[in-house]
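Here's the structure, in C-alpha cells; my notes come after.
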Amino acid sequence: SAVISQKPSRDICQRGTSLTIQCQVDSQVTMMFWYRQQPGQSLTLIATANQGSEATYESGFVIDKFPISRPNLTFSTLTVSNMSPEDSSIYLCSTNPTGTDTQYFGPGTRLTVL
Amino acid sequence: KQEVTQIPAALSVPEGENLVLNCSFTDSAIYNLQWFRQDPGKGLTSLLLIQSSQREQTSGRLNASLDKSSGRSTLYIAASQPGDSATYLCAVEETSGSRLTFGEGTQLTVNP
C-alpha cells in the first residue's frame, strides 16, 4: 500500500492569486497523477507527473495554468495559477506503488476561490 | 474515448439490505477496473481491483464482478450498514500505468 499526504487540506483564496499544493508519498513511485473534482462531479485527470521529465497534460489543461513539479520519486506539487471561482474544486494526487496496480489517493485539497 | 457510467446515481436503502451498484464502460479494451469509496469531503479509498483477466474479487461483504466483453461491472454489498453510506466510484485503467477514467459515482445512504 501507499500512504499519501497533501498540504494544505483546504484553503480559501482570492481571485487572481496562486496556490501550490504539495503531495508526499511514503515510498518511491514512478508516476504521480493530479486529479480535479469539481463540486458534485467525478474526478478528471489534470496531468501525469514523471520524475525527471515534463508533466503530461490532459486535454483542456495547460502548463501555464497548472504548473507541476516532480523533483524526486516521493514528492510532487501542483500550482493553480491566476485563480478564478471556477477553480474551486477538490484537488487530489494519486499513485500506484511499485508492484501493484491499485491506485492510492491522497486526502485531497479543498480549494475555494472567492 | 472511454466513457464510464454508473447507475443509479443515488440509492437509499434500509440497514441490512443487500444491494448492487452498476458500472458500464464503452471500450472493453481495459487493463483493470477499480471500485473506490469516497466519504464527503475526503479522498478516495480503494475497495477492490479486478484485472481484465478476472471475473470477480471479494473483500468481506463486498463482491465485485467484471464482464469485460459486455463492458459491465457490478459491486455487490451484502448486509448493508449505516457505515457503508458514501459515494462509490468505479474507474477503468486502459493500459498499465495509465490514467483512470471515472464514472460519476453512486451516492449510497443506508438508513438505520
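Numbered from 1 within each chain, the chains take letters A, B, ... in sequence-line order.
In this structure, the separation between OG on A:Ser42 and CZ on B:Phe36 is 10.5 Å, given to the nearest 0.5 Å. In this structure, the separation between CG on B:Leu89 and CD on A:Gln37 is 7.0 Å, given to the nearest 0.5 Å.
A single hydrophobic cluster is not seen to contain both B:Tyr31 and A:Val29; linkage of ILVMFWY side chains at heavy-atom distances under 4.5 Å, directly or through other members, places them apart. B:Phe102 and B:Val92 fall into different hydrophobic clusters, where Ile, Leu, Val, Met, Phe, Trp and Tyr residues are linked whenever their side-chain heavy atoms come under 4.5 Å apart, directly or through other members. In the hydrophobic clustering of ILVMFWY residues, with side-chain heavy atoms under 4.5 Å counting as a link, A:Met32 and A:Tyr104 come out together. A:Val113 and A:Leu78 fall within the same hydrophobic cluster, where Ile, Leu, Val, Met, Phe, Trp and Tyr residues are linked whenever their side-chain heavy atoms come under 4.5 Å apart, directly or through other members. B:Leu66 and B:Tyr76 end up in different hydrophobic clusters when Ile, Leu, Val, Met, Phe, Trp and Tyr side chains are linked at under 4.5 Å.
Comparing A:Glu58, A:Arg10, A:Gln41 by heavy-atom pairs within less than 4.5 Å of chain B, the highest count is held by A:Glu58. For chain A, the option among B:Gly105, B:Ser96, B:Gly103 with the highest count of heavy-atom pairs below 4.5 Å is B:Gly103.
Heavy-atom minimum distance, B:Leu100 versus A:Tyr35: N-OH, 3.1 Å. Taking every heavy atom of both residues into account, B:Gln34 and A:Thr102 meet most closely at OE1-CA, 3.8 Å.
Each of A:Ile46, A:Leu43, A:Thr44, A:Leu45 was compared with B:Arg99 under the side-chain contact (heavy atoms from CB on, under 4.5 Å) criterion, and only A:Leu45 meets it.
The neighbour count for B:Arg61 CZ, taken as heavy atoms of other residues, nucleotides or ligands under 6.0 Å away, is above 12. Atom CD of A:Glu54 has 12 or fewer heavy atoms from other residues, nucleotides or ligands within 6.0 Å. The environment of B:Lys42 atom NZ is sparse: at most 12 non-hydrogen atoms of other residues, nucleotides or ligands sit within 6.0 angstrom.
If you measure heavy-atom distances from B:Ser98 to chain A, the contacts under 4.5 Å come from the backbone alone. Looking at B:Gln107, there are no atoms closer than 4.5 Å to chain A (heavy atoms on both sides), in backbone or side chain. With a 4.5 angstrom heavy-atom cutoff, B:Leu44 touches chain A via backbone and side-chain atoms both. Of the two parts of A:Gln6, neither the backbone nor the side chain holds a non-hydrogen atom closer than 4.5 Å to a non-hydrogen atom of chain B.
Of the N and O atoms on the side chains of A:Gln103 and B:Glu93, not one donor lies less than 3.5 Å from an acceptor on the other residue.
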